[in-house]
Amino acid sequence: MPLKFKEPILIVATYRIVTPMFIGDANQKASGISPASVKGALRFWWRALNWSRIRAKEQSDTVALQHLHSEESELFGSSADKGVAARFTLRVNAEAINVNHGTDWPNGLNDPSGYLGLGLWESGSVAKGNLQPHREYIKEDQLFEVELLASAALNPAAIQQLRDALTAWGLFGGLGSRARRGFGSVAIESLNDEHFAFTSVGDYQAAVRHVLANYTINPVQQPPFTAFSQESQFSISGDLATSARLAHRSLGGVFKSYRGSKDSPVRGEKKRVFGIPFAGGATDLEKNKARRASPLLFHIHPIGPKFTGAVLFLPAEFHYHHSLNSVDYSLASNFLKQLPAAVFA
């Protein structure tokens, strides 16, 4: 009797590049979208979604982190301990991506988008020997596919987790430099037979609620890394722009006014809440050693023929160093209330 083999499970997601994607190779050239970069993004969203589920089963963060790492390694693979193979293979179909790169956006610090993209635009000078050329980007409004071929032995829960990570990335995230500031935003358009075409902000909000409904959010305390918790918030602007760049500019303008103006409530060391290091008022530790990503994740998403700006707030234990760990997270969460006609999901 011939052996019967179960067919592997194919998951195919289609994404649109919404804002210019500053993703570079070893020479900082925007040469394409690699499977490794996509897999890294999916790992991030898998961890963000699954932390509360795992933490609820354990007595401490330490044990929960070990459990999380074990599950992640089993699903995504690990190079430690002689390596563990991933339970799926990942392929990016981006042959149609136009790699005629742009270097015209954003346009410096006076541009609200440039305020969000420090380090992307040209700075310094040849005369001073510190010229930093404008980073290349892959142009927006282009489609690519991500194919996951998962082992038939994977349980249905793990398959759903992969689907949810793919979805969350396309609802909240992006790829490349300054992805947390809305550059390289990607919007999911389909996941196998499921389609994500939003005609209203309410449709977008409903899709967010649907994917988060699969996860129990830990009510105990802030997570030790960027992940969903009871303190997470998501705000979608009700004011729609005619282009993705204008939507990004609008977000940048609100953020610049809130964080960078003379009348801002966020001055000096209070800026720490938006990530460190930061310019102006930072301590020597913050300037030279400390690193912490912002708890705010900016994203631009299409709504019909227009575009909205959205911000996801994911607070976490801020820093390992005792002198830096105390921040006022209300300064970050209150920023969401500055968005025009904000809708909270």
Side-chain angles (χ1 to χ4, degrees), residues 13-24 30 32-34 37-38 40-42 44-45 48 92 94 97-98 101-102 104-106 111-121 135-146 165-191 196-198 201 203-205 207-208 211 226 234-237 239-255 293-314 336 339 345:
T14 304
Y15 298 92
R16 182 176 298 277
I17 300 174
V18 184
T19 53
M21 182 180 290
F22 292 82
I23 187 167
I33 301 172
S34 71
S37 62
V38 172
L42 296 182
F44 173 89
W45 289 107
V92 177
I97 292 290
N98 183 347
H101 313 117
D104 61 334
W105 184 80
D111 178 358
S113 288
Y115 186 80
L116 294 177
L118 295 173
L120 298 179
W121 37 268
R135 292 280 300 277
E136 290 184 351
Y137 63 75
I138 296 176
K139 294 181 180 180
E140 64 267 54
D141 199 24
Q142 302 191 75
L143 298 176
F144 65 96
E145 282 186 350
V146 175
L166 287 161
T167 304
W169 180 43
L171 293 175
F172 303 118
L175 203 61
S177 293
R178 305 298 185 272
R180 285 200 182 208
R181 290 291 188 242
F183 295 92
S185 289
V186 298
I188 187 167
E189 295 212 336
S190 65
L191 182 64
F196 297 82
F198 305 142
V201 168
D203 290 344
Y204 184 15
Q205 185 182 35
V208 168
V211 71
T226 302
F234 184 56
S235 184
I236 309 169
S237 174
D239 284 0
L240 303 183
T242 55
S243 75
R245 294 192 186 193
L246 285 176
H248 190 274
R249 178 183 176 85
S250 178
L251 271 187
V254 176
F255 188 63
S294 172
L296 297 176
L297 284 74
F298 292 62
H299 180 79
I300 308 299
H301 209 92
I303 304 292
K306 295 186 177 182
F307 298 84
T308 186
V311 182
L312 178 63
F313 174 54
L314 297 180
L336 276 67
L339 298 183

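With rounding to the nearest 0.5 Å, the separation of CG in L314 from CZ in F234 is 10.0 Å. The CG atom of N98 sits 9.5 Å away from the CD1 atom of I138 when rounded to the nearest 0.5 Å. In this structure, NE2 in H248 is found 5.5 Å from CD1 in I300, a value given to the nearest 0.5 Å. Residue L297 holds its CG atom at 10.0 Å from OG of S185, rounded to the nearest 0.5 Å.
Looking at heavy atoms from C-beta onward, V146 lies out of side-chain contact with I33 at the 4.5 angstrom threshold. Using a 4.5 Å cut-off on side-chain heavy atoms (C-beta onward), R181 and L118 make no contact. For the pair L251/L339, a side-chain contact is recorded, criterion being any heavy-atom separation below 4.5 Å from C-beta on. Between S235 and F313, every side-chain heavy-atom pair lies at or beyond the 4.5 Å cut-off. Contact check for T226 versus R180: side-chain heavy atoms found under the 4.5 Å cut-off. Considering only heavy atoms from C-beta on, L246 stays 4.5 Å or farther from F307 through its side chain. F198 is not listed as a side-chain neighbour of T308, based on a closest heavy-atom distance of 4.5 Å or more. Annotation: side chain of T19 is not in contact with side chain of Y137 (no heavy-atom distance under 4.5 Å).
In summary, the side chains of S190 and T14 do present a donor paired with an acceptor at a separation below 3.5 Å, with no hydrogens or angles considered.
Of all heavy-atom pairs between Y204 and A310, the closest is OH-CB, 3.9 Å. For the residue pair F22 and E136, the shortest heavy atom distance occurs at CD2-O, 3.4 Å. Closest of all the heavy-atom pairs between L336 and V311 is CD2-O, 3.9 Å. Closest heavy-atom contact between R178 and L116: CD-O, 4.2 Å. Residues G32 and I23 come closest through the heavy atom pair O-CG2, 3.7 Å. Heavy atoms only, all atoms of each residue included: A247 and A241 are closest at N-CB, 3.5 Å.
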* Begin with the C-alpha distance, continue with both residues' side-chain angles, and end with the deciding distance and a verdict on side-chain contact (heavy atoms from CB on, under 4.5 Å) for I97 and I17. => CA-CA 10 Å; I97 292 290; I17 300 174; 3.8 Å; yes

* So L120 and W105, side-chain contact (heavy atoms from CB on, under 4.5 Å) or not? Walk me through it. -> CA-CA 9 Å; L120 298 179; W105 184 80; over 6 Å; no

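Ring orientation note: the planes of H299 and H301 are tilted relative to one another, at an angle of 30° to 60°. Taking the six-membered ring where tryptophan is involved, the planes of F144 and Y15 are essentially parallel, since the angle between them stays under 30° and well short of 60°.
With E189 contributing its side chain and R16 its backbone, the two residues share no donor-acceptor pair below 3.5 Å.
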